[in-house]
There are 2 protein chains.
Amino acid sequence: MELNKKQLAAQGYRLTKPRQEIFAVLKHKPQSVADIFEQLQQKKLKIDKVTVYRTLENFVKLNLVAETQFKDGISVYELADHEHHHHVLCENCGRIEDICLDENLLMKAVKKSSSFLIKSHRLEFFGLCQKCC
Amino acid sequence: MELNKKQLAAQGYRLTKPRQEIFAVLKHKPQSVADIFEQLQQKKLKIDKVTVYRTLENFVKLNLVAETQFKDGISVYELADHEHHHHVLCENCGRIEDICLDENLLMKAVKKSSSFLIKSHRLEFFGLCQKCC
DNA sequence: ATATTATTGCAAATCAGTTGCAATAAGTCA
DNA sequence: TGACTTATTGCAACTGATTTGCAATAATAT
């Protein structure tokens, strides 16, 4: 997936250097703001952390990026080019694995037993990756 | 469930006024630190917010209280007198409903499709409660 | 090229949560 | 009970993540 001018312009956004760079960094893997910022610095790019926050906020609004919160309350961002899926987080090294599940049965069960109108859910797994086992 | 001296003493903890009050507040419903602190103030109790944090940390260690993180990264605490269960959070008013699910199938599926050693998981639902529908 | 306005970077503010430390109070034992 | 030991509390100051205000900058439209 590429970040292109039309796509942004359609919603009144502009295609800028920081946006392109942040998008590029996200291509590698899901990352936190701190991770992204660090990568930008390693690339010798002088992009402010505030810009990273604002850019991610916009990307999420545009459905270009998905935000996930893990245990410690820190958000991890990833390109929204996959289907709906979940994550397994390594409690030791922080590695993240994507995981796809059929949740139909689960969702049916929930809708049956809850009095709420369910609109979304979050499901994350925690454990140890192969290297850290 | 009551907070009692023996239970605490067994682990080297003491039964104090703040602990009793915080425990009492938690009896009503699951709440965040801010909620709990506000309730204590309404009761005209001069208990510091730091004490709330520390007390909850201890209660969690003692398995008296369970901590859950919702979307915004703010923890909600509730008495751990239930079995393992999940929550449905009203996106409008913040009301929380408990929900029990059979996750065996789900867990089996995950263990099969992931290379990680799964140790725990988090599953929360979001939607609208009856009043807010 | 110029005008318009979204975007950026900086500094300062905010907000949740943590830490150090001296004062206080709970439990213990004579 | 009263003195002793040590957990606990409250305050103040600190941290780390995120947000906000604003002037300078840069992307698009004319």
Side-chain angles (χ1 to χ4, degrees), chain A residues 2-25 30-41 43-62 64-65 67-77 94, chain B residues 2-25 30-41 43-62 64-65 67-77 94:
Chain A
E2 281 306 321
L3 191 61
N4 71 78
K5 196 181 283 192
K6 273 184 199 161
Q7 193 179 22
L8 294 171
Q11 316 287 327
Y13 290 94
R14 292 174 183 178
L15 181 61
T16 65
K17 190 88 190 300
R19 284 177 185 167
Q20 294 177 72
E21 294 294 350
I22 292 166
F23 194 87
V25 166
Q31 287 168 93
S32 69
V33 169
D35 295 335
I36 296 166
F37 184 62
E38 202 187 332
Q39 301 245 2
L40 294 171
Q41 294 209 304
K43 283 189 174 184
K44 306 293 176 200
L45 295 164
K46 289 190 206 67
I47 296 174
D48 199 276
K49 201 176 278 187
V50 178
T51 301
V52 178
Y53 278 106
R54 289 193 275 224
T55 299
L56 291 170
E57 191 187 331
N58 288 328
F59 283 173
V60 169
K61 270 187 203 151
L62 291 164
L64 296 173
V65 161
E67 181 181 359
T68 308
Q69 290 220 4
F70 289 104
K71 260 176 186 158
D72 53 9
I74 291 179
S75 290
V76 172
Y77 299 85
Chain B
E2 281 306 322
L3 191 62
N4 71 78
K5 196 180 288 193
K6 273 184 201 160
Q7 194 177 21
L8 293 172
Q11 315 288 325
Y13 291 95
R14 291 174 182 177
L15 180 62
T16 66
K17 190 88 190 298
R19 285 177 184 167
Q20 293 175 74
E21 295 294 350
I22 292 167
F23 194 88
V25 166
Q31 287 168 90
S32 69
V33 168
D35 295 335
I36 296 166
F37 185 62
E38 201 188 334
Q39 301 245 3
L40 294 171
Q41 293 209 304
K43 284 189 172 185
K44 305 290 175 203
L45 295 165
K46 290 189 205 69
I47 296 174
D48 199 277
K49 199 175 280 189
V50 179
T51 301
V52 179
Y53 278 106
R54 288 194 276 226
T55 299
L56 292 170
E57 190 187 331
N58 288 328
F59 282 173
V60 169
K61 270 187 204 155
L62 290 164
L64 295 172
V65 162
E67 182 180 0
T68 307
Q69 290 218 4
F70 288 105
K71 260 176 187 160
D72 52 8
I74 291 176
S75 290
V76 172
Y77 299 85

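Chain naming here is simple, since letters A, B, ... match the order of the sequence lines and numbering starts at 1 in each. All values below come from the heavy atoms of this structure, side chains included, with hydrogens, waters and symmetry mates left out.
Ranked by how close their nearest DNA chain C nucleotide is to the 5' end, B:Ala34 and A:Arg54 are led by A:Arg54. Summary of the strand contacts: A:Thr16 and B:Thr55 both lie near DNA chain D, and taking for each the nucleotide with the nearest heavy atom, the more 5' one is attributed to B:Thr55. The 5' end of DNA chain D is approached more closely, in terms of each residue's nearest nucleotide, by B:Tyr13 than by the other of A:Val33 and B:Tyr13. Taking for each of A:Asn58 and B:Leu15 the nucleotide of DNA chain C with the nearest heavy atom, the 5'-most of the two is the partner of A:Asn58.
Expressed to the nearest 0.5 Å, how far CZ of B:Phe37 lies from CG of B:Leu45 amounts to 10.5 Å. Here CG of A:Asn58 is found 15.0 Å from OH of A:Tyr53. Values are rounded to the nearest 0.5 Å. To the nearest 0.5 Å, atoms CD (B:Glu38) and CG (B:Leu40) are separated by 10.0 Å. Taken to the nearest 0.5 Å, the CD1 atom of A:Ile36 stands 11.0 Å off from the CD1 atom of A:Ile47.
Atom CZ in B:Phe37 sits about 14 Å away from atom P in C:dC15, given to the nearest Å. Atom P of nucleotide C:dA16 and atom CD of A:Gln69 are separated by 14 Å, given to the nearest angstrom. To the nearest angstrom, P of C:dT18 lies 7 Å from CD of B:Glu57. Distance, A:Tyr53 OH to C:dC10 C1': 16 Å, rounded to whole Å. Following rounding to the nearest Å, B:Glu21 (CD) and C:dA26 (P) show an atom-to-atom distance of 13 Å.
Extent of DNA chain D lying under 4.0 Å from chain B heavy atoms, first and last nucleotide in 5' to 3' order, is D:dT6 to D:dA12.
The residue B:Arg19 sits close only to the backbone: its heavy atoms come under 4.0 Å of sugar-phosphate atoms, none of a base. Within the 4.0 angstrom heavy-atom criterion, only backbone atoms of the sugar-phosphate kind lie near A:Lys5; the bases stay farther away.
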Cut-off 3.5 Å, no hydrogens considered: what does the side-chain donor-acceptor table look like for residues 3-20 of chain A, sequence neighbours left out?
residue : atom : partner : partner atom : Å
A:Asn4  : OD1  : A:Lys6  : N            : 3.2
A:Asn4  : OD1  : A:Gln7  : N            : 2.9
A:Asn4  : ND2  : A:Gln7  : OE1          : 3.2
A:Gln7  : OE1  : A:Asn4  : N            : 3.3
A:Thr16 : OG1  : A:Arg19 : N            : 3.4
A:Arg19 : NH1  : A:Arg14 : O            : 2.8
A:Gln20 : NE2  : A:Thr16 : O            : 3.3

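B:Gln31 and B:Gln39 share a side-chain donor-acceptor pair at under 3.5 Å. Checked by atom type, the side-chain pair B:Asp35/B:Ser32 shows a donor-acceptor distance below 3.5 Å.
Scanning residues 43-52 of chain B for heavy-atom distances under 4.0 Å to DNA chain C yields B:Val50.
Rounded to 10 degrees, the angle between the two end axes of the helix from C:dA1-D:dT30 to C:dA30-D:dT1 is 30°, with five pairs used at each end.
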Under 3.5 Å, which protein N or O atoms sit close to an N or O of nucleotides 2-5 of chain C? Give each pair with its distance.
residue : atom : partner : partner atom : Å
C:dT5   : O2   : A:Arg14 : NH1          : 3.1
C:dT5   : O2   : A:Arg14 : NH2          : 3.3

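When all heavy atoms of A:Thr51 and A:Ile22 are compared, the closest pair comes out as O-CD1, 4.2 Å.
The salt bridge (charged side-chain N to carboxylate O under 4.0 Å, His left out) search around A:Glu67 returns none, not counting sequence neighbours.
Proximity of B:Tyr77 to B:Val60: side-chain heavy atoms (C-beta onward) are separated by under 4.5 Å at one or more points.
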